[in-house]
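Everything on this sheet refers to the single structure shown next.
Keep in mind the model is a prediction, meaning the values are calculated, not measured. In listed order, ligands and their atoms are each counted from 1.
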Amino acid sequence: MGRAFVYVILGGGVAAGYAALEFTKKGVSHGELCIISEETVAPYERPALSKGFLLPEAPARLPAFHTCVGANEERLTPKWYKEHGIELILGTRVKSADVRRKTLLTAAGETISYKFLIIATGARALKLEEFGVSGSDAENVCYLRDLADATRLVDVMQTSTGGNAVVIGGGYIGMEVAASLVINKINVSMVFPEPHCMGRLFTPKIASYYEDFYKSKGVNFVKGTVLSSFVFNPDGKVTGVNLKDGSNLPADLVVVGIGIRPNTSLFEGQLTLEKGGIKVNSRLQTSNTSVYAVGDVASFPVKIFGESRRLEHVDAARKSARHAVTAIMEPDTTPEFDYLPFFYSRVFSFSWQFYGDNVGETVYFGDFSGPSFGAYWVHKGHLIGSFLEGGSKEEYEAIAKVTRLKPAIDDLSELERQGLGFVVAL
Ligand code: FDA
Ligand code: NAD
C-alpha cells in the first residue's frame, strides 16, 4: 500500500501551515503536496495554547487560530486545504524514514514517497522522568506542547479554582502558564533552578520587573531548587511536591515546562545533525539535497550569531518554512536565508519583543516603574540586540530595523541617554 507525492511536509505544526501557504503562492498543482501529522487537526498557531486558549472568558478555540492568522495571513481551515488540492494526512505518525529511497512509513503501515521532503517535526516537551522524577502520568500533572495537552490543562484547571498550582520551570511555558493560572483564580508557586525567571533571555533587572508584578498577583517564587518527588493520594493524584531543598508545596495541579527536545530521531544516522537539530544550509537544505528542515527541528546558519543554531520560536518557524518552499520552487533565484532572531511574549497586559542576540553589555532605557522600558545589547562596539516592553507598532519596527543594521556604538552612556530615541531617529 502506498501513495506518491511530489512534495511532502512531515509534521503538521506552525511551519507546515506556513509552508503550505507558500506552496500555493508559488503554484503547486492539485495532488502534488501532502502534510502528514500525528495531530488530528490542521496546522494551528501553537502560541495560542499558552495564552488565549487558557482564558476563563471567551477562550480561543479552533478553527479561530489555524495558521496563518498569526502573521495576518489567510486562515487555512481543512476546507482551504481541500480547495487547494493539498492532502492532509492527519492522526498519522510516521514511524520510519528512508531518505535514500525517498520514502516514509506510517504507523498504519502505509509507504508515502516524495520527490522533495520538508521535515517540520518540531519538538517534544522534556519529561520529568528524564531528570529522575516519576509521576508525569498522574491525572493532574500537565505538560503543554499540543492541543491535546492544552485541552487537558483546561480540564484540570477548571477543577482547581481557588486551589494551588505548582509550575515547574521558569522559562516561556512557566511564565505564560503561571499568568493564565492567576487569571483563572488559582494560587501559583513557580519552582526553577535559576536565580531569576527567563534565564535564557532576561537580565536580572528585566526579570525582576516581571517577577515583582507576578508577586503582586500572589505568585510565590521558589528559586534555586528543583523538585525531587511528588506526594500522591491513594488514587494516584498528586497532592504535593517535595523539593530538593527539603521544603514542600501543596498541589491540586502541576504544570511542567522544563524545555524541549527536537524530534530528530527518524533521521539520526541518515542526515547530519548539529546542536541537537537537523543541520541545514542557508537554503534550509539538509545533507540530503531532496530533504529540507524548518522550524524548531532545524539548525540553520544565523548571521548575527556567526554560527548555526536552532531557534524555538514561531517567527523562525514561519519564515524558515516559507524560505524552504521558495528554495525548492525557485532554486536559481532564492537568496540565502538571512534571519534576524525575533522572540516575543504576552502575559497579563504585558507585551515584549526582542530582536537579535543578548550578549555583551546591556544598556537600559525607559521607565522600569512604568509601562514601557527596554534594553540594548552592545557587543564588540555594535548594537546587536534590543528588548522593548510596552512599545507601539512603530517602535517595535524601529528596534527590529536598527538591530538588523548593527550600528556602531562608541559611547554607551550616550546610547543610554538617547534610549528609545536612538532607534526612532535612525
Ligand atoms: P510544531 O511543534 O509546531 O509542529 C510539529 C508537528 O510535527 C506537530 O504537529 C507534531 O505532531 C508533528 N510530528 C512530529 N513528529 C511526527 C511524526 N513522526 N509523524 C507525524 N507527525 C509528527 N513561540 C513564539 O515565538 N512566541 C510564542 O508566544 C510562543 N508560544 C508558544 C506556546 C506554546 C504552548 C508552545 C508549545 C510553543 C510556543 N512557541 C512560541 C514556540 C512555537 O510554537 C514553536 O517554535 C513552533 O510551533 C515551531 O513550529 P514547528 O512547525 O517547527 O513545530
Ligand atoms: P524553556 O527552555 O523556555 O525553559 C525551561 C525552563 O526549565 C528553564 O528556564 C528552567 O527554569 C527550567 N528547568 C530546567 N530543568 C528543570 C528542572 N529539572 N526542574 C525545574 N525547572 C527546570 O522551555 P519551556 O518553558 O518548557 O518552553 C518549551 C518551548 O516552548 C520552548 O521551545 C519555548 O521557546 C517555547 N515557547 C515559547 C514561547 C514564546 O516564545 N513566547 C512561549 C511558550 C513556549
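The nearest protein atom to atom 53 (O) of ligand 1, hydrogens excluded, is given as G122 CA, 3.2 Å; this is a heavy-atom distance. Nearest to atom 39 (C) of ligand 2 among the protein's heavy atoms is Y172 CD2, 3.1 Å. The protein heavy atom nearest to atom 16 (C) of ligand 2 is I258 CG2, 3.7 Å. The nearest heavy-atom contact from the protein to atom 17 (C) of ligand 1 is V94 N, 3.8 Å. If you check which protein heavy atom lies closest to atom 3 (O) of ligand 1, you get R46 NE, 2.7 Å. When only non-hydrogen protein atoms are considered, atom 19 (N) of ligand 2 lies nearest to V226 CG1, 3.3 Å. The single protein non-hydrogen atom nearest to atom 40 (O) of ligand 2 is H313 ND1, 3.0 Å, given as residue, atom name and distance. Considering only non-hydrogen protein atoms, atom 4 (O) of ligand 2 sits nearest to G171 CA, 3.4 Å. At the top of the distance list for atom 36 (C) of ligand 1, counting protein heavy atoms only, stands L144 O, 3.6 Å. Nearest protein heavy-atom neighbour of atom 47 (O) of ligand 1: V14 CG2, 3.4 Å. In terms of protein heavy-atom proximity, atom 25 (O) of ligand 2 is nearest to I173 N, 2.8 Å. Scanning the protein heavy atoms around atom 52 (O) of ligand 1, the nearest turns out to be D296 N, 2.9 Å. When hydrogens are left out, the protein atom nearest atom 4 (O) of ligand 1 is G13 CA, 3.2 Å; that is the closest non-hydrogen contact. Protein heavy atom at the shortest distance from atom 26 (O) of ligand 2 is G259 N, 2.8 Å. The protein non-hydrogen atom at the shortest distance from atom 31 (C) of ligand 2 is E312 OE1, 3.3 Å. Looking only at protein heavy atoms, the nearest one to atom 14 (C) of ligand 1 is T121 O, 3.3 Å.
If you number the atoms of ligand 2 from 1 as listed, the ones under 4.0 Å from a heavy atom of G169 come out as 7 (O), 12 (C), 21 (N). Close contacts of ligand 2 with F192, meaning ligand atoms under 4.0 Å from a residue heavy atom, involve 11 (O). Under a 4.0 Å criterion applied to the non-hydrogen atoms of I168, ligand 2 contributes the atoms 19 (N), 20 (C). Of all the atoms in ligand 2, the ones that sit under 4.0 Å from a non-hydrogen atom of E194 are 8 (C), 9 (O), 10 (C), 11 (O). Close approach to E176 involves these atoms of ligand 2, each under 4.0 Å from a residue heavy atom: 39 (C), 41 (N), 42 (C), 43 (C). Residue R200 has at least one heavy-atom neighbour below 4.0 Å for each of these atoms of ligand 2: 1 (P), 2 (O), 3 (O), 34 (O). Heavy-atom proximity to G295, at under 4.0 Å, picks out these atoms of ligand 1: 52 (O).
One finds no salt bridge joining R75 and E45 here, because no Lys/Arg side-chain nitrogen approaches an Asp/Glu carboxylate oxygen to under 4.0 Å. Using a cutoff of 4.0 Å between basic side-chain nitrogens and carboxylate oxygens, E73 and R322 are scored as salt-bridged. Using a cut-off of 4.0 Å between Lys/Arg side-chain N and Asp/Glu carboxylate O, R124 and E38 are scored as not salt-bridged.
Inclusion of S50 in the set of residues having an N or O under 3.5 Å from an N or O of ligand 2 is not warranted. Between L10 and ligand 1, not a single N/O pair is under 3.5 Å apart. At under 3.5 Å, a nitrogen or oxygen of A15, whether backbone or side chain, sits near a nitrogen or oxygen of ligand 1. Note: no N/O pair closer than 3.5 Å links K51 and ligand 2 by distance alone. For E38, a nitrogen or oxygen atom sits less than 3.5 Å from a nitrogen or oxygen atom of ligand 1, counting backbone and side chain alike. Note: an N/O pair closer than 3.5 Å links E39 and ligand 1 by distance alone. Residue V314 has at least one N or O atom closer than 3.5 Å to an N or O atom of ligand 1. Residue K51 has at least one N or O atom closer than 3.5 Å to an N or O atom of ligand 1. Polar contact check, I260 against ligand 2: no nitrogen or oxygen pair lies under 3.5 Å apart.
Which of G11, S320, A97 comes nearest to atom 7 (O) of ligand 1 through a heavy atom is settled by distance: it is G11.
Distances from ligand 1 to the non-hydrogen atoms of V297 include no value under 4.0 Å. Look at L311 and you'll find every heavy atom at least 4.0 Å from all atoms of ligand 1. Look at I173 and you'll find a heavy atom under 4.0 Å from some atom of ligand 1. Residue-ligand proximity: P193 is placed with a non-hydrogen atom under 4.0 Å from ligand 2. A heavy-atom separation below 4.0 Å is not found between M198 and ligand 2. Residue contacts with ligand 2 include F131, since one or more of its heavy atoms lies under 4.0 Å from the ligand. Heavy-atom separations between A120 and ligand 1 include at least one value shorter than 4.0 Å.
There is no side-chain donor-acceptor pair under 3.5 Å between E389 and Y209.
Under a 3.5 Å cut-off, the side chain of T286 and the backbone N or O of V291 do form a donor-acceptor pair.
Taking CZ of F350 as the reference point, atom CE of M175 lies at 9.0 Å (rounded to 0.5 Å).
Under 4.0 angstrom from ligand 1, the non-hydrogen atoms of N263 all belong to its side chain. With a 4.0 Å heavy-atom cut-off, ligand 1 is reached by the backbone of Y344 and by its side chain too. When heavy-atom distances to ligand 2 are checked against a 4.0 Å cut-off, Y344 comes that close only through its backbone atoms N, CA, C and O. Counting heavy atoms under 4.0 Å from ligand 1, residue P47 touches it through both backbone and side chain.
Residue Y376 forms a ring-ring contact (aromatic ring centres under 6.0 Å, His included) with just one option from F354, F387, Y355, F365, and that option is F365.
Taking the ring centroids of F342 and Y344, they lie under the 6.0 Å cut-off.
Y364 carries K205 over the face of its six-membered ring, with the cationic atom under 6.0 Å from the centre and within 45° of the normal. The cationic group of K303 does not satisfy the cation-pi geometry with Y339, failing either the under 6.0 Å distance to the six-membered ring centre or the 45° limit from the ring axis.
The aromatic rings of Y172 and W352 lie tilted to each other, with the angle between the two planes from 30° to 60°.
Using a 4.5 Å cut-off on side-chain heavy atoms (C-beta onward), I9 and L33 make contact.
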